[in-house]
Asks: 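There's a structure below that I have some questions on.
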2 protein chains.
Amino acid sequence: MKNLVKVERARLDMTQAELAKELGVSRQTIHAIEKDKFNPSVTLALKMARLFNLPVEELFIIDED
Amino acid sequence: MKNLVKVERARLDMTQAELAKELGVSRQTIHAIEKDKFNPSVTLALKMARLFNLPVEELFIIDED
DNA sequence: TAAAAATGTAAAGTTTTATTTACTTTTAGA
DNA sequence: TCTAAAAGTAAATAAAACTTTACATTTTTA
């Protein structure tokens with residue numbers, strides 16, 4: 001699993017802390033997701049995708065099959 | 001959060017056990033998701049959406065804002 | 001270049017997802 | 001209608017998401 005959170009966050013010119021607050025999670029959660037430390041819930045993924053105006057499938061990409 | 005897993009599973013004429021096996025999770029996990037008992041990981045959501053040939057956003061719907 | 005802001009990291013603790021086992025109830029087929 | 005498959009439920013456990021706190025490092029900006 002890789003994701004475009006860091007890039008899309010940069011596009012919106014938001015800090016990890018700002019994004020975290022917007023999404024109702026901790027800054028460390030954002031950091032961990034950006035570093036592929038974990039696999040967020042679909043709810044959080046949906047909220048992020050909506051904020052970034054991207055489909056979940058483009059924001060989070062499963063490596064292989 | 002609601003979801004269309006039960007409906008889409010019916011469209012593919014699969015049992016909970018078959019779907020579970022296909023996705024590499026337990027039958028109870030499928031059951032719990034169908035009953036909105038929990039919020040799956042984005043990875044599992046992506047696998048389901050791909051199997052059902054639907055965007056994650058259509059398979060899993062956040063209730064409000 | 002010094003200070004402040006942002007990011008990285010880490011550890012302990014909580015909550016929730018997911019597994020396993022087992023049993024009951026419902027549904028479908030012979 | 002009897003039977004078997006499927007689905008519902010539940011509880012104990014394991015694993016992972018997420019929180020909180022705290023501090024170090026990097027980047028930005030005054």
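Keep in mind the model is a prediction, meaning the values are calculated, not measured. Any value given below was found using the heavy atoms of this structure, including those in side chains, with hydrogens, waters and symmetry copies removed.
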Asks: Does the side chain of B:Q28 come under 3.5 Å of the side chain of B:Q16 through a donor N or O and an acceptor N or O?
Replies: no

Asks: For DNA chain C, find the residues of residues 21-30 of chain A with a heavy-atom distance under 4.0 Å and give them by number; none if there aren't any.
Replies: A:R27, A:Q28

Asks: Could you tell me the separation between the CG atom of A:D13 and the C1' atom of C:dA5, rounded to a whole number of Å?
Replies: 13 Å

Asks: Check this for me: does any side-chain nitrogen of one of B:R9 and B:E18 sit under 4.0 Å from a carboxylate oxygen of the other?
Replies: no

Asks: Rounded to the nearest angstrom, tell me the gap between atom NZ in A:K35 and atom P in D:dA17.
Replies: 17 Å

Asks: Set out, line by line, the N/O atom pairs under 3.5 Å between protein and nucleotides 27-30 of chain D.
Replies:
none

Asks: Of the candidate nucleotides D:dC18, C:dT7, D:dT9, which contains the atom at the shortest distance from the side chain of B:H31?
Replies: D:dT9

Asks: In whole Å, I'd like the distance from the CD atom of A:E34 to the P atom of C:dA6.
Replies: 14 Å

Asks: Which heavy atom in B:E58 sits nearest to a heavy atom in B:I61, and how many Å separate them?
Replies: O-CD1, 3.3 Å

Asks: Write down the atom of A:L46, the atom of B:F60, and the distance for their closest heavy-atom approach.
Replies: CD1-O, 3.6 Å

Asks: Closest to the B:F38 side chain: D:dG8, C:dT17, D:dA17?
Replies: C:dT17

Asks: Between C:dA5 and A:Q16, is there an OP1 or OP2 to side-chain N/O distance shorter than 4.0 Å?
Replies: no

Asks: For A:E57 and B:V56, indicate whether the former's side chain and the latter's backbone hold a donor-acceptor pair under 3.5 Å.
Replies: yes

Asks: Give me the atom names and distance for the closest heavy-atom approach of A:D36 to A:K2.
Replies: OD1-CA, 3.8 Å

Asks: Take atom CG of A:N39 and atom C1' of D:dA16, then tell me their distance rounded to the nearest Å.
Replies: 9 Å

Asks: Is it true that A:E8 and A:R11 have a side-chain N and a carboxylate O under 4.0 angstrom from each other?
Replies: yes

Asks: Testing the basics here: between B:N3 and B:I33, what is the closest heavy-atom pair and its distance to 0.1 Å?
Replies: ND2-O, 2.9 Å

Asks: Starting at atom CD1 of B:I33, determine the distance to atom C1' of D:dA7, rounded to an integer number of angstrom.
Replies: 15 Å

Asks: What's the CE-P distance between B:M14 and D:dA6, to the nearest Å?
Replies: 12 Å

Asks: So, for A:L59 and A:A45, which heavy atoms are closest and what is the spacing to 0.1 Å?
Replies: CD2-O, 4.4 Å

Asks: Hey, is the main chain of A:S41 close enough, under 3.5 Å, to the side chain of B:N39 for a donor-acceptor pair?
Replies: no

Asks: How close or far is atom C1' of C:dT17 from atom CG of B:D36, stated in whole angstroms?
Replies: 14 Å

Asks: What integer distance in Å separates B:L44:CG from C:dT17:C1'?
Replies: 10 Å

Asks: Is any side-chain heavy atom of B:L19 less than 4.5 Å from a side-chain heavy atom of B:V5?
Replies: yes

Asks: Does C:dA18 have OP1 or OP2 under 4.0 Å away from a side-chain N or O of B:S41?
Replies: yes

Asks: Using five base pairs at each end, measure the axis-to-axis angle across the helix from C:dT1-D:dA30 to C:dA30-D:dT1 and round it to 10 degrees.
Replies: 60°

Asks: Would A:V7 and B:V42 show up in the same hydrophobic cluster when neighbours are defined by side-chain heavy atoms closer than 4.5 Å?
Replies: no

Asks: Want to settle it: does B:K37 or B:E18 sit nearer the 5' end of DNA chain D, counting the closest nucleotide to each?
Replies: B:E18

